[in-house]
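All remarks here apply to the structure that follows.
When a residue number appears, it is its place in the shown sequence, counting from 1.
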Amino acid sequence: MSKEVQRQEMILKMKHFSKNSLQKNKIDTLLLEKLISTSYYHEARILATYLSMPHEFNTTPLITQAIKDKKTVVVPKTYPEGKMIFVKYDESQLRKTSFGLLEPISNLEVDKSCIDLIHVPGIVFSPDGYRIGYGAGYFDRYLADYSGNTISTIYSFQIQNFQKDTFDIPIRKLLY
C-alpha cells in the first residue's frame, strides 16, 4: 500500500474516531499527562508544537499547560517551497491559512537551536518512530538538521508499518 493510500485511509479513521468526542477527549487527556510527565517536557524551556485540527491530538491543553509551566511555546508558520519556521505563540496573533489551519501572523523566527523539544504531528507512525505526515514534507525538512528532542502523541491505531523513504526522519519518542 502506498503512503498516499495509507495517509488517506488513516485520516478517515482519525476523523471517524474524533466523532466520539468523549473517548477522544479521555485519550487526549491521558496522552497529555504522559507527555508532561516525560523528562523531555520537564527539561524543555522552549516547546514547539502545532495547532491541531479536530481529528488530531488536541494541542490546546498542552499549550495552556506549557504556558502555565513558564515554558515558551512556539508554533509553525509555513511558506512556499516547503519552508517552515517556528514563531512564538500568541493566541491573539493567529490567522487561518488557505488550508484552514491557524498559524501565526508574525514572521519573527525562533532559532532552531533554541528549541528544546518539538511535538511533531503525523498521520501514520511506524513502531520505530518514522511517520507519514500530510505529504508536504515541512516537518521532515525542518527536522533534517534538528538535534533536539522530538515527541509525538498518537492514537494506538495510527501505528502501522510502511516503506520508509531516505528523507524520513524518525521521532525519538512516541506516546500512545
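- Hydrophobic clustering, with ILVMFWY side chains joined whenever heavy atoms are under 4.5 angstrom apart, groups L175 together with M10.
- Counting heavy-atom neighbours within 6.0 Å of E91 CD, excluding the residue itself, gives a total of 12 or less.
- Checking side-chain atoms of K88 against main-chain N and O of V110 turns up no donor-acceptor pair under 3.5 Å.
- Between F57 and H119, the ring planes are perpendicular. Angles over 60° get that label, and only those under 30° would be called parallel.
- Cluster membership for Y146 and L174, using ILVMFWY side-chain heavy atoms within less than 4.5 angstrom, is shared.
- Taking NZ of K13 as the start and CD of Q6 as the end, the distance is 11.0 Å to the nearest 0.5 Å.
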Evaluation steps, side-chain contact (heavy atoms from CB on, under 4.5 Å), between Y41 and L62
CA-CA 11 Å; Y41 178 83; L62 170 61; 4.1 Å; yes
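- Put simply, Y130 and I169 are part of two different groups of oily side chains (I, L, V, M, F, W, Y) that touch within less than 4.5 Å, one to the next.
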Can you check side-chain contact (heavy atoms from CB on, under 4.5 Å) on E103 and T78, steps first, answer last?
CA-CA 8 Å; E103 73 175 26; T78 58; 3.2 Å; yes
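- Remark: side-chain polar atoms of D165 are not paired, donor with acceptor, to backbone N or O of F167 under 3.5 angstrom.
- At a threshold of 4.5 Å between side-chain heavy atoms, the hydrophobic network of Ile, Leu, Val, Met, Phe, Trp and Tyr places Y138 and Y134 in two separate groups.
- Within a 6.0 Å sphere centred on NZ of K3, heavy atoms belonging to other residues, nucleotides or ligands number more than 12.
- Contact detail for I63 and Y50: the closest heavy-atom pair is CD1-O, 4.4 Å.
- Note that CG of D116 and OG1 of T72 are 9.5 Å apart. Values are rounded to the nearest 0.5 Å.
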